[in-house]
Engineer: 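Quick one: this structure, given as structure tokens, is what I'll be asking you about.
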Amino acid sequence: MNDSVKVRFAPSPTGFLHIGGVRTALFNWLYARHHGGKFVIRIEDTDLSRSTEESIQEILESMRWLGLDWDEGPFRQMERQDRHKEVVQHLLDQDKAYPCFCTPEELEERKKEQQKKGEKPKYNGKCRNRSDRPDAPHVIRFKSPLEGTVRVHDLLRGNVDFDIAELDDLIIQRTDGTPTYNFVVVVDDADMGITQVIRGDDHLSNTPRQALLYDSLDYPRPQFAHISMILGEDKTRLSKRHGATSTLAYREMGYLPDALINYLVRLGWSHGDQEIFSREEMIKHFDLSSITTSAAVFNPEKLQWLNAQYIKSTPPLELAQHFEPILVQEGVLKESHGLRPEEIAKPIPYLAERSKTLVEMAQGAEFYFCDELVFDEKAKTKFLKPEAAPLLGKVAEGLQALADFSSEAIETFLKSIVEAEGIKFGKLAQPTRVALTGKTVSPGIYDVILLLGKDRSIQRLRSACEWIETL
RNA sequence: GUCCCCAUCGUCUAGCCAGGCCUAGGACACCGGCCUUUCACGCCGGCGACGCGGGUUCGAAUCCCGCUGGGGACGCCA
């Protein structure tokens, strides 16, 4: 293991993990795996009012489903409070931080005034030099330098300069004694020995503040790489309205983790013209230098196409383990079905090339797994008509007599009927399809018969005939 | 408003750093055709972009400046 690389994914547990977060996690994971370094998960839960245990579990479950394994953690920042307090005290002792007694209301009012005047809203430094220490609620602010520039070196964008005058004295500890993000992120990254901070570019403007903190704490700064964000179709930040659905929702919609990962890796990263990457290939080729810095729009159609590719190329038995929960979810199978993976995998070869999601696949597999066939009413009235009955009867009879029950034999047999009757193949295939599957859409008709087996096929054909007679 | 980032087909991107090989390549989507027992798959073809204006240069998608546009940040959120 390469000790010189250690990266982290640091989600805040204030909701589910969405696509944007997954991509940040993925890039960190790939960076660690490519360099043989370590990937750690750290839960940024310092906002007590919004963090939930449920979110933490959902985030971790998402990571596991996606196969993004971590080497250390998950650490929780709240468990490191003593350390954070110690560092705050250290800053206080060195006169690099100070208590501020301004109330939120006061601050709010000043902010409004500044905005009215067209100024950048900033703390005015009121408590920066006050010498009294009243026994009143207060926050701790970092005593930022007043002038100069901070140069942040970004691995993807080069040097970015910020005017210190744009910054103000940020709060590092709240009134309730808990530390704030910009402060803990510095302390934790430094303590944990994080070497590269790869995160969304919404953090780029926080970086000068953090850089200043690193400097005044005498910590070496890590390297920074700010990747672009993923935008919704309207080109605004991903939100609940967009594709910012929970990662686990994609699982429910029938997406494969590999497809999602593959889709996401190509958002902002490329390796020539290659579109499909195995994990090994991604790890092998992943490189910060082939990352684009412009924002990417989330495109569900391409994700769906990739999903279809993965459904087609994943071995049936392997696909079965993802397919089974979807079959249950879609009500095709009962939770207590007791079927072995081999049995679940049976219809997959016939369904894979016509399914974009596992949900579609489950619907297509209904005829195979159900005991009682459910008919599509339109299909029934259109194809199960009196003139179809004799044909269906002949198919049933012929199948009964078929010694060699193979796809080829079935084909030869069905074609012989078509020839004898002097009809088009579709005239026979469609009613048969409806009789066997209840739908007008299904795998190839020989495959359907083969899949169902002789007895079930004959039984369904017969009951279709019986139904026609009741007309 | 201030600061920061970004800018190639509708979308993801290659090309840009080391200017000519670019009448700009690939992929998704879309359109047309072929295949065909349904739906698909697949195959073939088509549509479609260097935001604008200045420079630098023999030559610019590529370098520089400005503009415009988009995004982000400006929380006792992360």
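Residue numbering restarts at 1 for every chain, and letters A, B, ... go by the order of the sequence lines.
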Engineer: Starting at the 5' end of RNA chain B and moving along, which residue's nearest nucleotide shows up first, A:N206 or A:K415?
Structural biologist: A:K415
Engineer: Counting distance only, does the side-chain N/O of A:R141 pair as donor-acceptor with the main-chain N or O of A:D169 below 3.5 Å?
Structural biologist: yes
Engineer: Hey, do the aromatic rings of A:Y263 and A:F298 have their centres closer than 6.0 Å?
Structural biologist: yes
Engineer: Does either side chain, that of A:D188 or that of A:H84, offer a donor lying less than 3.5 Å from an acceptor on the other one?
Structural biologist: yes
Engineer: Would you say the side-chain atoms of A:K454 pair up with the backbone N or O of A:L402, donor to acceptor, closer than 3.5 Å?
Structural biologist: yes
Engineer: Of the candidate nucleotides B:A78, B:U37, B:U38, which contains the atom at the shortest distance from the side chain of A:I445?
Structural biologist: B:U37
Engineer: Grab the two heavy atoms, one from A:A365 and one from A:L327, that are nearest each other, plus how far apart they are.
Structural biologist: CB-CD2, 4.4 Å
Engineer: Does the pair A:R199 and A:T207 meet the rule for a side chain to side chain donor-acceptor pair (under 3.5 Å), with working shown?
Structural biologist: CA-CA 11 Å; A:R199 70 214 323 187; A:T207 312; 3.2 Å; yes
Engineer: For A:S246 and A:E58, does a side-chain donor sit closer than 3.5 Å to a side-chain acceptor?
Structural biologist: yes
Engineer: Nearest heavy atom decides the nucleotide; on that basis, is A:Q430 or A:E301 closer to the 5' end of RNA chain B?
Structural biologist: A:E301
Engineer: Taking the ring centre of each residue, are A:F27 and A:F286 less than 6.0 Å apart?
Structural biologist: yes
Engineer: In Watson-Crick or G-U wobble terms, both distances under 3.5 Å, what is the partner of B:A24?
Structural biologist: none
Engineer: To the nearest angstrom, how far is A:D234 atom CG from B:G71 atom C1'?
Structural biologist: 12 Å
Engineer: Between atom OH in A:Y181 and atom P in B:C74, what is the gap in whole Å?
Structural biologist: 11 Å
Engineer: With both distances under 3.5 angstrom, what nucleotide forms a Watson-Crick or G-U wobble pair with B:G48?
Structural biologist: none
Engineer: Can you see whether A:F277 has A:R279 sitting over its ring - NZ or CZ less than 6.0 Å from the centre and within 45° of the normal?
Structural biologist: no
Engineer: Whole-Å distance between B:C76 C1' and A:N182 CG?
Structural biologist: 13 Å
Engineer: Is there a Watson-Crick or G-U wobble partner for B:A7 with both distances under 3.5 Å, and if so, which one is it?
Structural biologist: B:U68
Engineer: Taking only the P atom of each, what is the distance from B:G20 to B:C4 in whole angstrom?
Structural biologist: 32 Å
Engineer: Does any nucleotide pair with B:C43 by Watson-Crick or G-U wobble geometry, both distances under 3.5 Å, and what is it?
Structural biologist: B:G33
Engineer: Contact list please: residues 144-155 of chain A against RNA chain B, heavy atoms, distance less than 4.0 Å, in numerical order.
Structural biologist: none
Engineer: Got a donor-acceptor contact below 3.5 angstrom from the A:R110 side chain to the A:P121 backbone?
Structural biologist: no
Engineer: Does a donor on one side chain sit under 3.5 Å from an acceptor on the other, for A:Q430 and A:R433?
Structural biologist: yes
Engineer: Please measure how far the C1' atom in B:G10 lies from the corresponding atom in B:C17, and state the result in whole Å.
Structural biologist: 29 Å
Engineer: I need the NZ-P distance between A:K120 and B:G1, as an integer number of Å.
Structural biologist: 14 Å
Engineer: Nearest whole Å is fine: how far is B:U36 P from A:R354 CZ?
Structural biologist: 15 Å
Engineer: Between B:C16 and B:A49, how far apart are the C1' atoms? Round to whole Å, please.
Structural biologist: 16 Å
Engineer: For B:C76, does the base pair up with any side-chain atom of A:T175 as donor and acceptor (N or O, under 3.5 Å, distance only)?
Structural biologist: yes
Engineer: Between B:G72 atom C1' and A:F162 atom CZ, what is the distance in whole Å?
Structural biologist: 11 Å
Engineer: Quick check for you: among B:U37, B:A73, B:A78, whose closest atom lies nearest to any side-chain atom of A:E44?
Structural biologist: B:A78
Engineer: Name the orientation of the base relative to the sugar in B:C41: syn if the glycosidic angle is within 90° of 0, else anti.
Structural biologist: syn
Engineer: Using the P atom in both, what is the distance from B:U38 to B:C22, to the nearest Å?
Structural biologist: 43 Å
Engineer: Between B:A73 and A:R237, is there an OP1 or OP2 to side-chain N/O distance shorter than 4.0 Å?
Structural biologist: yes
Engineer: Would you say A:K312 places a side-chain N or O within less than 4.0 Å of OP1 or OP2 belonging to B:G42?
Structural biologist: yes
Engineer: I'd like the P distance from B:C31 over to B:A78, given in whole Å.
Structural biologist: 48 Å
Engineer: From the set B:U38, B:C76, B:C74, return the single nucleotide nearest to any side-chain atom of A:L107.
Structural biologist: B:C76
Engineer: At under 4.0 Å between heavy atoms, how does the protein contact nucleotides 5-17 of chain B? Give one character per nucleotide, 5' to 3', with B, S or -.
Structural biologist: SSS---SBSS---
Engineer: State which of B:C76, B:C28, B:C41 makes the closest approach to the side chain of A:I171.
Structural biologist: B:C76
Engineer: Between B:A27 and B:C43, how far is it from one P atom to the other, in whole Å?
Structural biologist: 10 Å
Engineer: Base, sugar-phosphate, or nothing for A:P208, non-hydrogen atoms under 4.0 angstrom?
Structural biologist: nothing
Engineer: Classify the nucleic acid contact of A:H226 as base, sugar-phosphate or nothing, counting any heavy atom under 4.0 Å across all strands shown.
Structural biologist: nothing
Engineer: Between A:K356 and B:C41, is there a side-chain N or O to OP1/OP2 distance below 4.0 Å?
Structural biologist: yes
Engineer: If you only use heavy atoms from C-beta on, which nucleotide in B:U38, B:C76, B:G71 is closest to the side chain of A:V139?
Structural biologist: B:C76
Engineer: Can you tell me how far C1' in B:A18 sits from the matching atom in B:G32, rounded to whole Å?
Structural biologist: 43 Å
Engineer: Using a heavy-atom cut-off of 4.0 Å across all strands, would you classify A:T46 as base, sugar-phosphate, or nothing?
Structural biologist: sugar-phosphate
Engineer: Taking atom C1' in both B:C52 and B:U68, what distance in whole Å separates the two?
Structural biologist: 7 Å
Engineer: Are any side-chain N or O atoms of A:D168 and backbone N or O atoms of A:Y123, one a donor and one an acceptor, separated by less than 3.5 Å?
Structural biologist: yes
Engineer: Which one is paired to B:U62, where only Watson-Crick or G-U wobble pairs with both distances under 3.5 angstrom count?
Structural biologist: none
Engineer: Would you kindly give the CD-to-C1' distance between A:E113 and B:G1, to the nearest whole Å?
Structural biologist: 16 Å
Engineer: If you compare every side-chain N and O of A:K122 against the phosphate oxygens of B:C74 (OP1, OP2), does one of them come in below 4.0 Å?
Structural biologist: no
Engineer: Whole angstrom is fine here: how far is it from CG in A:D188 over to C1' in B:A78?
Structural biologist: 13 Å
Engineer: Suppose we call two aromatic rings close when their centres sit under 6.0 Å apart. Are A:Y250 and A:H18 close by that rule?
Structural biologist: no
Engineer: Out of B:C76, B:A73, B:C28, which nucleotide sits closest to the side chain of A:W305?
Structural biologist: B:C28
